[in-house]
Trainee: 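Quick one: structure below, then a few questions.
Letters go in sequence order (proteins before strands), and every chain restarts at 1.
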Amino acid sequence: MADFLIHTGGLPDWIAWAITASLAAFFILNVIAGGALAFIWAERKIAARIQDRLGPTRTGGKFGWLQSLADGIKLLTKEDLMPDGADGLLFRLAPYVSFCASFAAFIALPFAFDFVGQRLNVGVFFVIAVLGLEVFGVILAGYASASKWSLFGAMREAAQVVSYEVPLGMCVVVPVMLAGSMDLVTIGEKQAGWFFQWYLFHDPFTFITFWIYVTCAVASVNRAPFDLAEAESELVAGFHTEYSGLRWSFFFMAEYGSMFLVSALAAILFLGGWNGPVPVASLLGLSDGSGDTTGYFVRLAGCANLMTKATLGVLIMMWVRWTLPRLRIDQVMTTCLKYCTPIAAVMFVGAMLWTLALPGGFFRGLGRPAGEIREGWLLGPGGMSLQVQKNGEAPPSSSRFEQSESPVSQVGL
Amino acid sequence: MAQMVDDDPRIIEFDVRTDEMLVNMGPQHPSTHGVLRLVLRTDGEIVSQVESHIGYLHRCAEKIGENLTPRQWIPYTDRMDYLAAMNMNLGWSLTVEKLMRYQVSEKARHLRVLIAELGRLASHLVGMGAYGLDLGTFSPFLYAFREREKILDLFEETCGARLTYSYLTVGGATADLPPGWLEKCEAFLDQFTPLIAEYHSLLTTNAIFVKRTAAIGILSEALAIDYGCSGPVLRGSGVDQDLRRDGESIYTSMYDGYAFEVVVQKNGHYPRDHAYPPVPREAVVGDSWHRFYVRMLEVVQSVDLIRQAMDRYSACRGPLGEPLKINEKLPVGDAYLETECPRGQMGFYLVGDGTPIPWRARARSSSFSNLSVLHELCRGCLIADVPAIVGSLDIVMGEIDR
């Protein structure tokens, strides 16, 4: 789009880029904010159903689907309160830090092939790193609130998130290693084909890695049973005890944004990303390559695939939240340090050895049907160095795997 | 000199030591069950001392009792343990009857057992649900309230109130059960009994629940007796004591002919425990888990007693009998009686001086004694354990402060 503005519109470079960036940010922000509202509504309905209640039924007609919006308006009109002893600047800054960290990570998150804010060759790294910044907002909030409960919440969050990033990172490295790339688009594209091509089913190690990832992801976004930073029965409301109105809602949206983000990341890393369980498009002979209209619709369908998987992940998190009691802080740390980290490390080594011995994965040879990797697809803007076969020259599927998925040939990045 | 200071280990310790923090938990806090205020002395997450401050719900109920006749004071007993108001009504009524040497009719006796056990059921449901809430799980709370609502519906039919009943009163009850009530109660029990397994699976046997409660807040048998704990807190520590069996005859005679076993662990087993989930290995007698489990088993016990009471009540012919007059004169003398309320042994004391208005009316609260042991249980626990322990004591501030 920037190119279009520069060449056709005759605008100076920086204005064109600024317009493009603003538009992209606007879209991403709205998609996520809208998504957060939808998830908040869904959480209310799901919680209600789990608990034998009805949940919102009136606002906006039949299912109370405007409840989140009504709440948003209520939060907007609330008085802006700040405790007397609070550190004003940091207190105001904290929600934005959290919010920005959670939302900025969406920039590198592909929703389908080429449906990505900014394709990065270190996408995985970027997402995990930026998501980790959310904890700064929480610590700031806890520190600046001048409340002991907030401080407790912040310290818990700091300890918990920092610890869980270690096993989380190790779990994330496993698909990265299998794909030979940190580019999320490449990782997703590598799992094209039937559902047994997903990295979840690549080998037993990746299967277990996935569940470790799920545990760590839930812990790193502070959802029950790891929601210690805001444990309402112990710490009143934890780090956001003193927050109200719109500032509080920023924390809230950041939480839902992060939930969706880690679910989407799980979908891309382990569950085939935007590839459905059955490669319908390939079977029909459609291509999702860039350019033509059909491809656009195929990618739109892929986007729906990813959304479905990520939403399922979020729904499972909600289900867990409304079922399980909360762990204690020392138990949370034990889970991380004594179980998740060593298991993740073993899985990492196991997946590595497996890839050396059986490069194609557990279901090797069951083959991707029609989908071919085309030249140029995997060559991301960051100079990916994957070795890719040219169209037409592709040998039978098994040998193609050895070419493209053997770890030896994938020294990239 | 400087060298000496540097070498002094105490100086170094002073440099790196962490500060203690005094944290005020309550009186406005989600998990202090009303208006309990706890002052925690913490070092990081570790609590070194807990001091409870009470009195935020004091309403001078006992002083009011010296200006009203016993029957007029019944509504004030409702507001003591508002989660088991029927049992409070019963305790006070029996105390007055003990002073007056009055015996209620056979039918009223069975009605009282029936209503009191339903009250115990409702109270333990709240205790169970709120305990889940203290541990951060919300759904069991609402399941418990769903069932409690049905009991409240039943109570509403007897007396028109849903929380503060004033139904059982001196000399019997204010009215007989309405027609068709027993069938509704039967239907409720039939629907409720299979659901108990659900609560066990959500809480009792849940791995996280066990981790949070087993071996937390261990109250030894001796300590429990020293502090005068009672009810499920005492039985959770393995003391075989239940006033329905061991109390004064005016109270135990109410339960004459009823078959029930006191819920207490003997030789590592609870009565008829094959029907319930096994005790987890981590659990120690006297910990929060056992206190919770005793309540869960008492729910089953109460269901049993209600069924027996319904049979006996419907077998009784004749009228229920009128309650005593509101301004009935009290004899000169005093009477003290403890009854087994859901939270423990609730005592009432009454001094009559020949007028309808008692010279003294006093209440001895079980929650008060149960709460007094808190600082012993919380020593050295984590902050998250404080709600877990307070919740397992299942206190009601209205009863403590009166």
Trainee: Under a 4.5 Å cut-off applied to non-hydrogen side-chain atoms, are L324(A) and N206(B) in contact?
Mentor: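 Of all side-chain heavy-atom pairs linking N206(B) with L324(A), at least one is under 4.5 Å.
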Trainee: Would you tabulate the side-chain donor-acceptor contacts of residues 251-261 of chain A under 3.5 Å, counting partners in other chains and residues two or more places apart, or write 'none'?
Mentor:
{"from": "E255(A)", "atom 1": "OE2", "to": "R223(A)", "atom 2": "NH1", "distance (Å)": "3.0"}
{"from": "Y256(A)", "atom 1": "OH", "to": "E43(A)", "atom 2": "OE1", "distance (Å)": "2.4"}
{"from": "S258(A)", "atom 1": "OG", "to": "S102(A)", "atom 2": "OG", "distance (Å)": "3.4"}
{"from": "S258(A)", "atom 1": "OG", "to": "E134(A)", "atom 2": "OE1", "distance (Å)": "2.7"}
{"from": "S258(A)", "atom 1": "OG", "to": "A254(A)", "atom 2": "O", "distance (Å)": "2.7"}

Trainee: Under 4.5 Å, heavy atom to heavy atom, which residues of residues 139-151 of chain A contact chain B?
Mentor: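 Within residues 139-151 of chain A, near chain B: K148(A), W149(A).
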Trainee: By number, which residues in residues 210-217 of chain B have some heavy atom less than 4.5 Å away from chain A?
Mentor: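 Under the 4.5 Å heavy-atom cut-off, K211(B), R212(B), I216(B) qualify.
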Trainee: Side chain from CB out, backbone as N, CA, C, O: work out which of these in Y143(B) comes under 4.5 Å of a heavy atom of chain A, or both, or neither.
Mentor: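 Interface part for Y143(B): side chain.
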Trainee: Does R58(A), at its CZ atom, have more than 12 non-hydrogen atoms belonging to other residues, nucleotides or ligands within less than 6.0 Å?
Mentor: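 No, not enclosed.
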Trainee: Counting neighbours of CZ on F192(B) that are heavy atoms of other residues, nucleotides or ligands and sit closer than 6.0 Å, is the number greater than 12?
Mentor: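 Yes, enclosed.
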Trainee: Salt-bridged, R328(A) to E45(B), with N to O below 4.0 Å?
Mentor: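 So R328(A) does not pair with E45(B) through a salt bridge.
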Trainee: Has F145(B) got more than 12 heavy atoms of other residues, nucleotides or ligands less than 6.0 Å from its CZ?
Mentor: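 For F145(B), atom CZ is crowded (more than 12 foreign heavy atoms under 6.0 Å).
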Trainee: Check this for me: Y56(B), atom OH, are more than 12 non-hydrogen atoms of other residues, nucleotides or ligands nearer than 6.0 Å?
Mentor: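 Yes, because the 6.0 Å sphere around OH of Y56(B) holds more than 12 heavy atoms from other groups.
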Trainee: Would you call I383(B) and R156(A) a side-chain contact if the rule is heavy atoms closer than 4.5 Å?
Mentor: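 Side-chain contact under 4.5 Å: yes.
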Trainee: Rounded to the nearest 0.5 Å, what separates atom OG1 in T323(A) from atom CG in L202(B)?
Mentor: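 CG of L202(B) is found 7.0 Å from OG1 of T323(A).
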Trainee: Who in residues 126-139 of chain B is close to chain A, using a strict under-4.5 Å heavy-atom cut-off?
Mentor: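 Interface residues of residues 126-139 of chain B: L133(B), D134(B), L135(B), G136(B), T137(B), F138(B), S139(B).
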Trainee: So do F141(B) and Q51(A) actually touch side chain to side chain, heavy atoms under 4.5 Å?
Mentor: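 SC-SC contact between Q51(A) and F141(B) ruled out.
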